[in-house]
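To start, the structure itself, in structure tokens.
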There are 2 protein chains.
Amino acid sequence: MADGGGGGGQGDGGSFLPPSIEAAWGLRERPSKGPKPGLTLDRIVDAAVALASAEGLGAVSMGRVAKELGASTMSLYRYVSAKSELYVLMQEAATGAPPELFPPGTGWREAVEAWAWALREVYHRNLWMLRVPVSGPPATPNLVAWWEKALVALEPTGLDAGAKISVTMLLGGFVRNDALVMADLDTVIASGGADPEEVLARYGRTLRRLADPERYPEVARMLDSGVMDSVDEPTAEFRFGLARILDGVAALVEGRAV
Amino acid sequence: MADGGGGGGQGDGGSFLPPSIEAAWGLRERPSKGPKPGLTLDRIVDAAVALASAEGLGAVSMGRVAKELGASTMSLYRYVSAKSELYVLMQEAATGAPPELFPPGTGWREAVEAWAWALREVYHRNLWMLRVPVSGPPATPNLVAWWEKALVALEPTGLDAGAKISVTMLLGGFVRNDALVMADLDTVIASGGADPEEVLARYGRTLRRLADPERYPEVARMLDSGVMDSVDEPTAEFRFGLARILDGVAALVEGRAV
DNA sequence: ACAGTAACGCGTATGCCATACGCAGTACGG
DNA sequence: CCGTACTGCGTATGGCATACGCGTTACTGT
């Protein structure tokens, strides 16, 4: 697929998308030849998403998805040219279109907060999404729509284009990372068979046993302070981080940035 | 690795950790019975790290690591009980002990900035680390040492224990996420055979072709503004995000938080 | 009407992967 | 000098993505 040295730039202006991704943008052409397909992309993607939701991304193998649909493994490759394509479509489907988050005229901070919470919700409903190996920048309709919403929310800030992009990336990254932590905890719980309290308690006990207080005085103080012993409200960490970031953005908007 | 002190052996029996992880804390006992081992954990971990650095985490299979060492696949399981253990040890080794980042008495902001940049450096030197599937919270010496350094950096803020933990998690997550974006870009480049400019340009072209300006007006404006057409200095995004977050933390420290 | 052909489902095969199991050899403690 | 704990490792199992090609189907141009 790598074009050779002599080939030069693609003159046709076309970056080739796999047919399945073009289908996601509504550009599919009905082939009108051959036998009628026994499956549809949507059915495949839905089955894969259901499987991921129920048993985690690890359960999503081509064979397993096919079995779920009563088809054979290889038949899926008539709809998708590789598993990574299925991943992209799964993310697009599970993300969905962004809801009405804020009426026009909403202040930027309130709007951005609504956006972040809504995105958090999407991730939390689909923790498997955080395990999908990356393939490229988001180039499917719903993902672009979420990005659009973030930019709209930032309209009232008056920041320039570059800054707005940077803020959306900072926020998106924050939300994603917060969800990733949740997904990791979830994995540990699922594989270790313990509730969150127990996982945290065990971690504290392990560290207390292993980490020499002379070498790690601050960590030791943390452990002794008891902060590690209880589980906060699950949104506390998100609330905290979001507030800090938005305070920082506010400083930029108001020209108080360092 | 093994510090000379040798102490720290809590006699409380119940050890929940796999032997290889205990070895990382210097708690290994020389078995002194059977034949002399032909390998060492360190050699195995080093080989795995070298492989990951050179060819990506995907190249790290038990068979491949063994081949690199001139041993058989299964012999590795005498040193490590599962591949996930190897992953943990690889991260611990590649992370290394945190360097001297700031002298005592340094202001919190400067100290935290130094910490974040140093951590970024670690990730960028070992992008494969961001692909390691998670197993649990960081419980190896070097990772705890990095956490300790962050807490020390935050000492002068006077924040309470809970807030300090939250700030370290926010910062750590930010650095990690920034590196993840870089790793993703790296993956795309490696698999697509194009330089960063080309990847970005292709992305812009694709979006321009697919994203209807009526449905995505702000995105369209972004694309037209030309911000997407050039590649910034690679640290620009990191610098921006870090400044925003630290401004937000500063507001908290100074009691100006919303 | 009918051949040509494109798209279909899918069986088979290849080459990876982690790892359970057990065997044969080794070196120290008694 | 023997038991035993430990070693390396060959083999086997069950999973995975996916390349390839076969037989079949249903539309299209003649």
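Throughout, a chain's letter reflects where its sequence line sits, starting with A, and its residues are numbered from 1.
- Rounded to whole angstrom, the span from the CG atom of B:L57 across to the P atom of C:dA18 amounts to 11 Å.
- D:dG8 atom C1' lies 16 Å from atom CG of B:L41, rounded to whole Å.
- Looking at which nucleotide of DNA chain C each of B:G34 and A:G34 is closest to, the 5′-most match is held by A:G34.
- One can place NZ of B:K67 at 12 Å from P of C:dA18, the figure rounded to the nearest angstrom.
- In this structure, A:L86 atom CG and D:dA17 atom P are separated by 10 Å, rounded to whole Å.
- Here D:dC6 presents its C1' atom at 15 Å from CD of B:E29, a figure rounded to the nearest Å.
- When distances run from any side-chain atom of B:P35 to the nucleotides D:dT7, C:dC8, C:dA20, the shortest one goes to D:dT7.
- Minimum atom distance to the side chain of A:K33 is reached by C:dG4, of the listed C:dG4, D:dT7, C:dG9.
- Atom P of nucleotide D:dG8 and atom CG of B:L76 are separated by 9 Å, given to the nearest angstrom.
- Checked by atom type, the side-chain pair A:R120/A:T235 shows no donor-acceptor distance below 3.5 Å.
- The side chain of B:L39 lies closest to D:dG8 when the candidates are D:dG8, D:dG3, D:dC22.
- Proximity of B:S61 to the phosphate of C:dC17: a side-chain N or O atom is located under 4.0 Å from OP1 or OP2.
- In this structure, CD1 of B:I44 is placed 14 Å from P of C:dA18, rounded to the nearest angstrom.
- Contacts of B:M62 with the nucleic acid, taken as non-hydrogen atoms under 4.0 Å apart, involve only primed sugar atoms and P, OP1 or OP2.
- The distance from the CE atom of A:M222 to the CH2 atom of B:W147 is 7.0 Å, given to the nearest 0.5 Å.
- For B:S72 and D:dG8, the shortest distance from a side-chain N or O to OP1 or OP2 is not below 4.0 Å.
- In this structure, the CE atom of B:M74 is 13 Å from the P atom of C:dG22, given to the nearest Å.
- Regarding contacts with the backbone of C:dG9, every side-chain N or O of A:Y77 stays at 4.0 angstrom or more from both OP1 and OP2.
- If you find the closest nucleotide of DNA chain C to B:K83 and to A:R78, the one lying nearer the 5' end belongs to A:R78.
- Under a 3.5 Å cut-off, the side chain of B:Y216 and the backbone N or O of A:V144 do not form any donor-acceptor pair.
- A:S75 comes within 4.0 angstrom of a nucleotide base, judged by non-hydrogen atoms across all strands.
- A salt bridge does not link A:D229 with A:R205: every distance from a Lys NZ or Arg NE/NH1/NH2 to an Asp or Glu carboxylate oxygen is 4.0 Å or more.
- Side-chain atoms of B:E92 come within 3.5 Å of backbone atoms of B:N142 as a donor-acceptor pair (strictly under, hydrogens ignored).
- Listed nucleotides: C:dT19, D:dC27, D:dT7. Nearest to the side chain of B:T73: C:dT19.
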